[in-house]
Amino acid sequence: MKRYIFAMLGVAGTLLADAPSLEVDRYGQYTGEDWPGKVTCDEQLRAEAAREWPLIRDAGFDPARFDRFGGRLGAGDFEATGRFRKKKIDGRWWLITPEGHRCFIIGCDAVGYREGGYSSPLKEPDGSARQGFLELPDLKRVPDGMSGGKVNFLAANLEKKYGPGYYEKSKEVNRRRLIAWGFNSTAKWGWGETFGLPYVEDWTFRTVKRLPRRRIDIYDPGFAAAAGKEVAALTARRRDDPMLIAYSTENENGWEARDVNELAAAEPAVASKQALVDFLIRRRGEAEAAELFHVSGGRGAMLENRQRIALPAEDVADFITEASRHYHRIVRELFRRYDPGHLWFGASHCRGQSDEWIYAAAEFTDAVMLNEYDLYAQWSTGLMPRLRELDNPVFLTEFSFVCDRRGLRPYNSVSTVRDQRSRGLAYRHYTERMAANPLCIGFGYFIFFDQPVMMRSLPVGESFNFGLVDGTDRPYDEMIAEVMKSNVRLEAVHAGREEPFRLEKPAALLFSRMRGQLLAGILPGTVSEYVTTDSSNAAEYFGGCPLRLKIDERRLSADGADGGRCPVGTFHAGDNSRFGEVKADVYFWFRHRGKDLNDYYELEGSPDGRNFTRLPLRFELVRRSEFDHYVMCNAEPVPADMRYLRIVLKAPVLRESWSNQIAGITVER
């Protein structure tokens, strides 16, 4: 009788993989799992509201220690300008409150339940009704429980908990929660909703011309005029509010190398393409620049080119620097014209954007905002040497730690942790180490509530345990107990009076249940430290496969892990049996087509678990996509003396180690 070792997603993972098979109850809770305290009736919510209120009822800034903006009394008195401003004190950057006191931002993003990311679509992309909603909110009781084609179970739960005045009551509760937990700001993603705490006002330009991936055509002659009208309207609403810390524009929208290479293939009328061509002509001369495009005929032929090309990296980097300066100079002057009293922080930047875009932005913005989902802070740490030279404050506007429980998915390998207390410990490890940086002026934790199990958008959408509070408005007490320990220390850590909290072994917190299912049957200790999971772009690139294994480009050392060879893990035959068929789904980036897949994947056998011999593989194409899907199998029977099998991922191109991924491993014995 054949037996199989499955290293693949089990039942829970399958449910998460296939959106139509997800199912949520009348509270928006995942029906495929139970947990302590899961809501079963409205009375339970009301009882929890009554229990929590006495704990937060009197929460407020202690007037003997703080001003009304959260500024520290007794830490020096500075000029009170009526607006937030920045100041370097004893070699460290701080904010100064409108009343003239030193302040370190400890914020949480998206505190209001009306934030669009807390709702789920009611229809599939093809217009058909989505399955999986056992009961939808009663619109007579909850007018904003469904709107714009989405359902907001969070709003419905707040109505059940607080009654008809749930909007005002929940705002009051959340403000007091934040202060009781040691926060002093609602940071970003308020979208115009304020809570009586300092905040950053977000804006995305709506009338400017766009390139692919939402990038702005920043050289468009009409850009400044269109952006100026929007800045004028935005600042007219906010310029008299002293609680406003700064304006923020265009989240995670900086250019990267592929934007420039694709820009070379844009239509001739695109202004940013014209700017790129003119930049290359200035740098190299018209004839040499045309050679880069593989055309003759000069500027006109370059503009007519519609093929994506790979420009020299140095040219790309320098053009991005020039473009970033052009864009940020224009927008800075607009905010100075319409509201010179308030700060402008520009955009929040993220991994994947060109470093040159970020460094150029730092020359024009009042702070550099960074979004980073990484316990180790590897990306931001790499930026710091240059940012220290530029000497501009840094504001960590998004970071988070999650558990893949309750129908919510893992995020990435360096932010998915074991349990709720681990989330709090990860918060402490990340924030206190970053607060010790003299450039850091504060944080915005992402986000206040969990995202919905049924995802915030389709076909691609997030459904993560980001929240301090779950979707039924119940705080994660174990997490928050740890968060509070750091929030009371962060200012002192930043001032250099306290040493930052550090986990001795932060990797011990990292764990994903879905990763464990994916690696089921693999011998403990045989998975490379560089092998991680990837849950991104499942629908559009990976045929719906929700979780794959790949080599983590963020942790791969500069000279490669054993030359870019990373074992996925080892299987043992056991019980005097022998191995039969080995099968796996593998995904291969389309830009590597034509390469030998055997240079990216290996199967090895060993009689003793120490000395391994390579075994031949065959690959059968299933589907062409951004990542071509193949089924990988052993090409010949596994020799009878092989008691161990090992699967290996390799990275011939280290900087593209994510290009080959694997999932659904089955081993017959």
Side-chain angles (χ1 to χ4, degrees), residues 35 104-110 177-178 181-183 187-188 348 350-351 370-382 384 394-406 408-437 440 442-451 462-470 475-490 493-494 498-516 529 532-535 552 554-555:
W35 55 87
F104 186 81
I105 305 171
I106 309 171
C108 183
D109 301 325
R177 281 171 168 170
L178 286 174
W181 299 340
F183 293 94
K188 288 185 62 183
S348 291
C350 63
R351 180 189 295 275
L370 303 176
N371 295 347
E372 180 175 51
Y373 294 82
D374 181 355
L375 178 61
Y376 299 99
Q378 297 165 93
W379 171 67
S380 63
T381 299
M384 290 305 161
V394 170
F395 181 18
L396 284 305
T397 42
E398 287 186 23
F399 69 102
S400 201
F401 304 99
V402 310
C403 296
D404 56 341
R405 298 289 190 274
R406 306 186 183 188
L408 300 171
R409 295 178 290 165
Y411 188 68
N412 65 34
S413 64
V414 286
S415 67
T416 304
V417 298
R418 294 184 175 277
D419 51 33
Q420 294 302 321
R421 182 169 182 266
S422 295
R423 293 181 67 209
L425 290 170
Y427 176 100
R428 298 191 65 193
H429 182 76
Y430 183 85
T431 58
E432 295 205 24
R433 287 182 307 123
M434 298 301 283
N437 182 347
C440 183
F443 302 94
Y445 179 79
F446 189 87
I447 42 184
F448 192 79
F449 292 106
D450 280 342
Q451 293 173 326
E462 297 182 355
S463 57
F464 300 114
N465 168 221
F466 286 141
L468 299 172
V469 180
D470 73 11
Y476 288 108
D477 292 334
E478 288 183 296
M479 177 190 183
I480 290 166
E482 297 296 335
V483 167
M484 292 171 63
K485 293 176 184 177
S486 280
N487 283 356
V488 298
R489 287 169 36 85
L490 288 173
V493 170
H494 184 59
E498 299 282 351
E499 289 295 317
F501 170 85
R502 296 176 184 269
L503 292 165
E504 183 177 346
K505 296 181 179 180
L509 296 184
L510 300 174
F511 175 80
S512 164
R513 182 174 60 171
M514 288 180 69
R515 173 185 164 92
E529 64 177 307
T532 185
T533 53
D534 184 6
S535 61
D552 191 345
R554 292 168 299 193
R555 299 189 63 190

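Position 1 is the first residue of the sequence, and the numbers go up from there. The figures that follow rest on heavy atoms only: side chains count, while hydrogens, waters and symmetry mates do not.
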In the structure I gave you, are the side-chain heavy atoms of [X] and [Y] within less than 4.5 Å of one another anywhere?
X: Ser348; Y: Lys188; answer: yes
X: Leu509; Y: Phe401; answer: no
X: Val483; Y: Phe183; answer: yes
X: Asn437; Y: Met384; answer: yes
X: Val394; Y: Met434; answer: no
X: Phe464; Y: Leu408; answer: no
X: Leu375; Y: Leu510; answer: yes
X: Phe443; Y: Asn487; answer: no

Not counting sequence neighbours, which residues clear salt bridge (Lys or Arg N to Asp or Glu O under 4.0 Å) with Arg489? List them please.
-> Glu432, Glu498

Under the salt bridge (Lys or Arg N to Asp or Glu O under 4.0 Å) rule, collect the residues that match up with Glu499, sequence neighbours excluded.
-> none

Shortest non-hydrogen contact between [X] and [Y], atoms and distance:
X: Ile480; Y: Pro475; result: CD1-CB, 3.6 Å
X: Phe448; Y: Trp181; result: CE1-CZ3, 4.0 Å
X: Cys403; Y: Asn465; result: N-OD1, 3.0 Å
X: Ala436; Y: Pro500; result: CB-CG, 4.1 Å
X: Phe446; Y: Ser400; result: O-OG, 2.6 Å
X: Ala187; Y: Asp109; result: CB-OD1, 3.1 Å

Roughly how far, to the nearest 0.5 Å, is [atom2] of [Y] from [atom1] of [X]?
X: Arg418; Y: Arg405; atom1: CZ; atom2: CZ; answer: 9.5 Å
X: Ser535; Y: Glu462; atom1: OG; atom2: CD; answer: 9.5 Å
X: Arg177; Y: Cys108; atom1: CZ; atom2: SG; answer: 11.0 Å
X: Thr431; Y: His494; atom1: OG1; atom2: NE2; answer: 13.0 Å
X: Tyr445; Y: Phe399; atom1: OH; atom2: CZ; answer: 7.0 Å

Could you tell me whether the side chain of [X] and the main chain of [Y] form a donor-acceptor pair under 3.5 Å?
X: Glu482; Y: Arg421; answer: no
X: Asn371; Y: Cys350; answer: no
X: Thr416; Y: Tyr411; answer: yes
X: Arg423; Y: Phe466; answer: yes
X: Thr397; Y: Gly444; answer: no
X: Asp552; Y: Thr532; answer: no
X: Glu372; Y: Ser380; answer: yes

Just do the side-chain contact (heavy atoms from CB on, under 4.5 Å) check on Trp379 and Asp374 with the steps written out, would you?
-> CA-CA 8 Å; Trp379 171 67; Asp374 181 355; 5.6 Å; no

Stepwise side-chain contact (heavy atoms from CB on, under 4.5 Å) test for Tyr427 and Leu468 = CA-CA 11 Å; Tyr427 176 100; Leu468 299 172; 5.8 Å; no

Tell me which donor-acceptor pairs under 3.5 Å the side chains of residues 501-508 have, and how far apart each pair is, sequence neighbours excluded?
none

Salt bridge Asp450-Arg406, side-chain N to carboxylate O under 4.0 Å = no

